[in-house]
Amino acid sequence: MRHLAHLRLAAASLALASVACTPATSTPGPMGGPTTLLTRLGADTVAIEQYTRTPTTMDGVIVVRSPSTAVVRYNVQLGANNAPTGADWSVRRADGSPLPTATIPSASLRFGPDSVRIVGHRASGDTSRAIAVRGEQLPYIGSSYGLFELAIAKLRATGRDSGEFAFVPFAIGATAANMMPIRLYGSDSVRVNRFGSWLVIRHDGRGNLTGASGAATTLKVRVDRVANVDVDAIARAWMARDLAAGAMGATSTRDTVRATIGANTHLWVDYGRPSLRGRDVWVNGVLGDTIWRTGANAATQFRTDTDVTIGNATVPAGTYTLWTRTTPVGYDLIINKQAGQWGTEYHADRDLARVPLQVRTAPASAERFTIALRPSDQGGAAMLSFTWGTKELSIPVMAK
């Protein structure tokens with residue numbers, strides 16, 4: 001089991017002592033560093049980031065654990081008012097060898113007045129493309145929270161409390177930037193509208209990050225600034241543990257469920273399977289949300305090749321997405337006519353029906369979220385159930 005409260009990691013084969021990450025007791029000054037950020041998902045550490053920012057550059061390294069240990073390094077070149085002029089990125093294994101899953105091991109961004117050129121570096125040669133960008137530009141790495149410090153610095157340098165930033169990924173296939181509105185609140189808080197939900201960032205009043213909370217986002221991470229550590233040693237320790245005990249794997253796996261009911265009704269569900277990771281996910285709604293994607297990552301899809309009833313709702317043959325809604329008395333299943341989208345894209349105007357779910361205590365606690373289609377006592381029917389932790393929600397599905 002991976003215990004992260006104090007992040008004690010050892011790799012005897014690499015002659016490393018235990019490494020402990022504890023909260024920082026002092027705050028770096030402006031342009032000081034390095035700053036070390038620990039990212040956790042529930043009880044599991046998923047990444048550690050360390051960076052140093054000066055008036056002209058920002059250098060960082062991120063060690064990520066999922067699906068296996070990898071080391072990301074980045075460098076951002078800064079111009080006037082903390083605006084980036086260029087950025088470089090690379091990903092390798094902890095021992096410096098190529099990461100087998102990386103199609104492009106390194107890339108660069110070159111920022112222009114209204115466009116950004118993305119250059120992918122391969123042994124066979126470079127590939128580049130330009131994308132049009134509006135607004136203020138910044139590089140984007142999904143596992144980095146330190147890069148948001150550049151947006152805070154930009155707002156503070158120009159005397160504003162809000163702005164919209166175009167975050168450009170280091171991906172040669174990118175066709176657009178990720179637009180994120182950012183607003184300063186009070187003297188030490190920032191809110192980032194990250195893909196439709198609010199990431200809350202804390203800083204020390206001078207723009208230096210002290211932590212972040214994804215409690216209101218679909219990625220429920222907690223980020224804390226901790227005492228500085230040897231991140232390269234941690235990377236090697238994590239890689240050694242991967243080799244000895246297996247890699248962490250994806251934070252949420254994907255699965256499908258199939259069933260046949262009635263004479264010839266075929267049901268299919270495709271969904272993501274997040275883990276508890278020490279969390280009580282049903283507190284304040286499902287994972288704290290009012291409406292949940294009923295899984296993880298891409299929206300949960302349901303398909304039937306004939307008309308069926310789900311609860312008291314008639315569902316014509318077709319493909320839908322399933323959402324779970326917290327109500328004052330329990331939970332509703334939302335059947336939505338949009339399909340194939342990411343799980344943050346929900347449009348209430350496309351709802352087909354909302355039906356109440358039955359709630360009971362699960363016979364055993366389920367670490368991973370599980371959807372099942374079990375035979376029902378009624379002929380031509382199945383029970384569609386959602387189990388996570390000690391709670392099970394269910395509803396009958398019947399062939400018409």
Side-chain angles (χ1 to χ4, degrees), residues 195-198 216-218 220 252 255-259 261-262 265-274 280-362 366 369-374 376-378 380-400:
F195 310 117
S197 53
W198 290 102
T217 75
T218 58
K220 307 294 180 179
S252 298
D255 205 354
T256 56
V257 181
R258 294 178 174 84
I261 60 175
T265 296
H266 301 96
L267 307 177
W268 171 86
V269 180
D270 170 75
Y271 71 108
R273 301 188 64 194
D280 185 351
V281 296
W282 299 97
V283 173
N284 298 322
V286 184
L287 279 172
D289 297 334
T290 302
I291 294 179
W292 178 45
R293 70 185 82 186
T294 320
N297 300 328
T300 294
Q301 296 188 97
F302 170 85
R303 184 170 66 225
T304 174
D305 54 8
T306 70
D307 295 357
V308 296
T309 59
I310 299 180
N312 58 9
T314 297
V315 180
T319 303
Y320 304 87
T321 48
L322 303 180
W323 307 79
T324 306
R325 173 177 176 262
T326 304
T327 72
V329 295
Y331 301 92
D332 282 351
L333 178 68
I334 301 174
I335 306 160
N336 188 276
K337 291 178 285 186
Q338 184 181 8
Q341 76 275 30
W342 194 249
T344 55
E345 185 180 347
Y346 166 73
H347 300 284
D349 58 350
R350 301 193 65 178
D351 285 353
L352 174 71
R354 296 187 175 196
V355 287
L357 288 158
Q358 301 171 23
V359 184
R360 71 165 188 156
T361 300
F369 175 64
T370 302
I371 296 180
L373 282 161
R374 303 192 309 270
S376 171
D377 295 336
Q378 306 175 59
M383 289 299 293
L384 175 63
S385 66
F386 312 102
T387 307
W388 205 8
T390 58
K391 188 168 292 189
E392 179 184 288
L393 311 180
S394 62
I395 194 166
V397 181
M398 297 189 66
K400 295 276 288 181

**OP:** State, with a plain yes or no, whether a side-chain heavy atom of Lys391 is found less than 4.5 Å away from one of Val359.
**Re:** yes
**OP:** Would you check, one step at a time, whether the test side chain to side chain donor-acceptor pair (under 3.5 Å) holds for Arg360 with Ser394?
**Re:** CA-CA 8 Å; Arg360 71 165 188 156; Ser394 62; over 6 Å; no
Original post:
Which residues pass the salt bridge (Lys or Arg N to Asp or Glu O under 4.0 Å) test with Asp255, sequence neighbours left out?
Top reply: Arg273
Subject >> Side-chain donor/acceptor of Thr324 to backbone N/O of Leu333, under 3.5 Å >> reply: no
**OP:** Taking all heavy atoms of Ala299 and all of Thr321, pick out the closest pair and write down the distance.
**Re:** CB-CG2, 3.7 Å
Original post:
Please, which pairs that meet salt bridge (charged side-chain N to carboxylate O under 4.0 Å, His left out) have at least one residue in residues 317-346, sequence neighbours excluded?
Top reply: Arg325-Asp332
**OP:** For Thr390 and Thr361, run side chain to side chain donor-acceptor pair (under 3.5 Å): C-alpha distance rounded to whole Å, both residues' side-chain angles, the deciding distance at 0.1 Å, then the answer.
**Re:** CA-CA 6 Å; Thr390 58; Thr361 300; over 6 Å; no
Subject >> Minimal non-hydrogen separation, Thr387 against Ala366, with atom names >> reply: CG2-CB, 4.0 Å
**OP:** Compare every heavy atom of Ala339 with every heavy atom of Gln301, then report the nearest pair and how far apart it is.
**Re:** OE1-CB, 3.6 Å
Subject >> Where at least one partner belongs to residues 287-313, residue pairs that pass ring-ring contact (aromatic ring centres under 6.0 Å, His included), sequence neighbours excluded >> reply: Trp292-Phe369, Trp292-Trp388
Subject >> Exam field: side chain Tyr271 to backbone Thr256, donor-acceptor pair closer than 3.5 Å >> reply: no
**OP:** Please identify each residue that fulfils salt bridge (Lys or Arg N to Asp or Glu O under 4.0 Å) with Arg303, with sequence neighbours left out.
**Re:** none
**OP:** Please identify each residue that fulfils salt bridge (Lys or Arg N to Asp or Glu O under 4.0 Å) with Arg258, with sequence neighbours left out.
**Re:** none
Subject >> Close side-chain approach of Val397 to Val315, heavy-atom, < 4.5 Å >> reply: no
Original post:
Can you name the nearest heavy-atom pair linking Thr294 to Ile371, along with the distance?
Top reply: O-CD1, 4.1 Å
Original post:
About how many Å separate CD of Gln341 and CD of Gln338, when rounded to the nearest 0.5 Å?
Top reply: 3.5 Å
Original post:
Is a side-chain N or O of Asp351 found less than 3.5 angstrom from the main chain of Ala353, in a donor-acceptor match?
Top reply: no
**OP:** Could you verify whether a donor N or O on one side chain and an acceptor N or O on the other, from Thr265 and Thr306, lie under 3.5 Å apart?
**Re:** yes
Original post:
Does a side-chain heavy-atom distance below 4.5 Å link Leu384 with Pro396?
Top reply: no
Original post:
Are side-chain heavy atoms of Leu352 and Asn336 found at a separation under 4.5 Å?
Top reply: no
Original post:
Side chains of Val269 and Leu373: closer than 4.5 Å at any heavy-atom pair?
Top reply: yes
Subject >> Leu357 CG to Glu392 CD distance, which is reported to the nearest 0.5 Å >> reply: 10.5 Å
Original post:
Should Ile334 and Leu322 be marked as a side chain to side chain contact (heavy atoms under 4.5 Å, CB included) after you check the CA-CA gap, both sets of side-chain angles, and the distance that decides it?
Top reply: CA-CA 6 Å; Ile334 301 174; Leu322 303 180; over 6 Å; no
Original post:
Under the 3.5 angstrom rule, does the side chain of Thr327 hit a backbone N or O of Gly330 as a donor-acceptor pair?
Top reply: yes
Original post:
Going from OG1 on Thr344 to CG on Asn297, what distance comes out if it is rounded to the nearest 0.5 angstrom?
Top reply: 10.0 Å
Original post:
Taking all non-hydrogen atoms of both residues, which atom of Ala382 and which atom of Ile261 are closest, and how far apart?
Top reply: CB-CG2, 3.7 Å
Subject >> Donor-acceptor under 3.5 Å (Asp307 side chain, Lys400 main chain) >> reply: no
Subject >> Distance (rounded to the nearest 0.5 Å) between Leu393 CG and Tyr331 OH >> reply: 6.5 Å
**OP:** Looking only at non-hydrogen atoms, find the nearest pair between Thr217 and Lys220 and report the distance.
**Re:** O-NZ, 2.6 Å
**OP:** Under the ring pair (Phe, Tyr, Trp, His ring centres under 6.0 Å) rule, collect the residues that match up with Trp323, sequence neighbours excluded.
**Re:** Tyr346
